[in-house]
Amino acid sequence: MRLHPSDRDLAGPEWSEMAHRIARKAGIQRPGDDHGCRWIAVQAQSGRLGLVANLIRLDGTWTAQPHRLSPALAAECRRIEAELDLRSPWLGPDPEQAARFAQRSTAPANGASPAAVDATTQLAGLLRQLSDENTGPLATVRGLVEHAAHRLDRLPHAYSPAAGHQLELIARRLHGVQQDLDATAAALPATARPAPLSTRVTAAPPTPGARLTR
């Protein structure tokens with residue numbers, strides 16, 4: 001977990017609450033479970049908190065994590081942000097980054113060609129299609145990987161838990177790629193095609209007593 005630079009400083013109890021909520025959502029901590037995973041929260045840098053867990057429970061079995069772990073953790077983070085009044089990455093791209101993209105795309109003097117505008121619009125649309133959580137190809141691949149990991153966890157072979165865990169890590173990386181693509185698409189400047197000259201020129205109304213001549 002990492003705070004945005006503009007976020008306020010959190011108190012110790014707030015960090016602790018965040019850590020426990022993420023641990024519960026990840027399935028590594030369950031209230032009343034005396035044989036659950038051993039885990040710790042590490043704050044090696046200011047504004048950051050990492051969770052390290054042993055996914056093998058005290059009774060020797062592997063812990064059962066949510067089938068769609070990454071979306072579940074992301075949803076919990078959004079709830080934490082709302083409750084603690086923190087900046088959410090889903091509210092939009094970094095304003096400074098968007099400004100830099102816009103400055104490069106409109107120089108010089110808003111003289112972007114229609115071809116450049118079309119290319120930027122098409123690229124942003126392509127990135128959004130790739131990162132779409134419902135219909136995007138990356139979401140489909142990630143779902144298949146998560147399903148394979150879930151099935152491997154249920155097999156009796158000794159190598160299945162390790163292979164399933166590796167697939168879960170792959171699914172998390174795919175989800176990270178989706179988020180990066182979505183943020184990049186949002187940061188691209190939404191520049192509209194320049195209007196034709198005839199639609200942008202307006203005539204001033206005639207002054208009283210003036211005559212219009214051809």
Side-chain angles (χ1 to χ4, degrees), residues 1-31 37 39-53 55 65-107 120-121 123-139 141-143 145-146 168-192:
M1 294 168 284
R2 181 176 62 183
L3 296 181
H4 189 274
S6 63
D7 280 331
R8 62 182 177 84
D9 293 333
L10 299 183
E14 291 176 312
W15 281 113
S16 177
E17 175 64 18
M18 288 172 59
H20 283 278
R21 288 179 62 170
I22 293 297
R24 288 194 293 269
K25 183 59 65 174
I28 61 177
Q29 181 193 47
R30 293 183 175 86
C37 301
W39 65 277
I40 59 173
V42 181
Q43 192 168 26
Q45 299 182 31
S46 177
R48 296 191 181 192
L49 186 72
L51 267 63
V52 182
L55 297 182
Q65 294 186 284
H67 177 52
R68 296 177 63 84
L69 180 60
S70 294
L73 292 178
E76 183 66 17
C77 287
R78 302 294 83 79
R79 285 189 287 267
I80 292 174
E81 290 159 357
E83 294 174 12
L84 298 183
D85 194 23
L86 301 175
R87 183 184 178 91
S88 174
W90 296 100
L91 295 180
D94 177 37
E96 295 182 0
Q97 183 185 28
R100 290 194 297 271
F101 271 108
Q103 185 178 9
R104 289 201 299 265
S105 66
T106 56
T120 301
T121 303
L123 178 59
L126 174 62
L127 295 180
R128 291 191 181 94
Q129 290 178 12
L130 291 174
S131 62
D132 189 89
E133 182 63 26
N134 296 318
T135 60
L138 289 177
V141 173
R142 197 185 83 235
V145 172
E146 291 174 342
E168 289 176 354
L169 295 178
I170 293 173
R172 295 180 196 178
R173 290 198 295 269
L174 287 171
H175 186 254
V177 171
Q178 286 180 262
Q179 292 179 315
D180 291 342
L181 289 175
D182 188 66
T184 302
L188 289 175
T191 307

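The figures that follow rest on heavy atoms only: side chains count, while hydrogens, waters and symmetry mates do not.
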Report summary line: Between the OG1 atom in Thr135 and the CZ atom in Arg128, the distance rounded to the nearest 0.5 Å is 13.0 Å
Report summary line: Across all chains, not counting sequence neighbours, the side-chain hydrogen bond (donor to acceptor under 3.5 Å, both in side chains) partners of Gln65 are none
Query raised in the report: Which is it for Ile22 and Glu76 under the side chain to side chain contact (heavy atoms under 4.5 Å, CB included) test, yes or no, and what are the steps along the way?
Result: CA-CA 7 Å; Ile22 293 297; Glu76 183 66 17; 4.1 Å; yes
Requested in this report: Side-chain contact test, heavy atoms from C-beta onward, threshold under 4.5 Å: evaluate it for Glu81 versus Arg78 and give yes or no.
Outcome: yes
**Report entry** side chain to side chain contact (heavy atoms under 4.5 Å, CB included) between His175 and Gln178, worked out
**Finding:** CA-CA 5 Å; His175 186 254; Gln178 286 180 262; 4.2 Å; yes
Requested in this report: Taking Ser131 for its side chain and Leu127 for its backbone only, find out whether a donor-acceptor pair lies under 3.5 Å.
Outcome: yes
Query raised in the report: Going by heavy atoms in the side chains, are Leu86 and His4 under 4.5 Å from each other?
Result: no
Requested in this report: State, yes or no, whether a side-chain contact exists between Glu14 and Arg8 at a heavy-atom distance under 4.5 Å.
Outcome: yes
Query raised in the report: What are the two closest heavy atoms between Ala19 and Ala41, and how far apart are they?
Result: CB-CB, 4.0 Å
Query - Gap between atom CG of Leu181 and atom CG of Leu126 - 0.5 Å precision - result: 9.0 Å
Query raised in the report: Looking at residues at least two apart in the chain, or sitting in another chain, which of them share a salt bridge (charged side-chain N to carboxylate O under 4.0 Å, His left out) with Arg24?
Result: Glu17
Query - Intermediate values then yes/no, side chain to side chain contact (heavy atoms under 4.5 Å, CB included), Glu83 and Arg21 - result: CA-CA 12 Å; Glu83 294 174 12; Arg21 288 179 62 170; 2.6 Å; yes
Report task. First locate atom CD of Gln129, then atom CG of Asp132, and finally report the distance between them rounded to the nearest 0.5 Å. Result -> 8.5 Å
Query raised in the report: How about Trp39 and Leu51: do any of their side-chain heavy atoms sit closer than 4.5 Å?
Result: yes
Report task. Supply the atom-to-atom distance Met1 CE to Leu49 CG, rounded to the nearest 0.5 angstrom. Result -> 4.0 Å
Query raised in the report: side-chain hydrogen bond (donor to acceptor under 3.5 Å, both in side chains) with Asp180: which residues, sequence neighbours excluded?
Result: none
Report summary line: Nearest heavy-atom contact between Ala26 and Pro66 is O-CD, 3.5 Å
Report task. Compute the centroid of each ring, for His20 and then for Trp15, and state whether the two points are separated by less than 6.0 Å. Result -> no
Query - CE on Met18 to CG on Leu84, rounded to 0.5 Å - result: 6.5 Å
Report task. State, with a plain yes or no, whether a side-chain heavy atom of Arg68 is found less than 4.5 Å away from one of Arg142. Result -> yes
Query raised in the report: Say you draw a straight line from CG of Leu69 to CD of Glu168; how long is it, rounded to the nearest 0.5 Å?
Result: 6.5 Å
Query raised in the report: More than 12 heavy atoms of other residues, nucleotides or ligands under 6.0 Å from CZ of Arg2: is that the case?
Result: no
Report summary line: Which of Leu138, Val141, Asp182, Leu130 passes side-chain contact (heavy atoms from CB on, under 4.5 Å) with Val177? Answer is Leu138
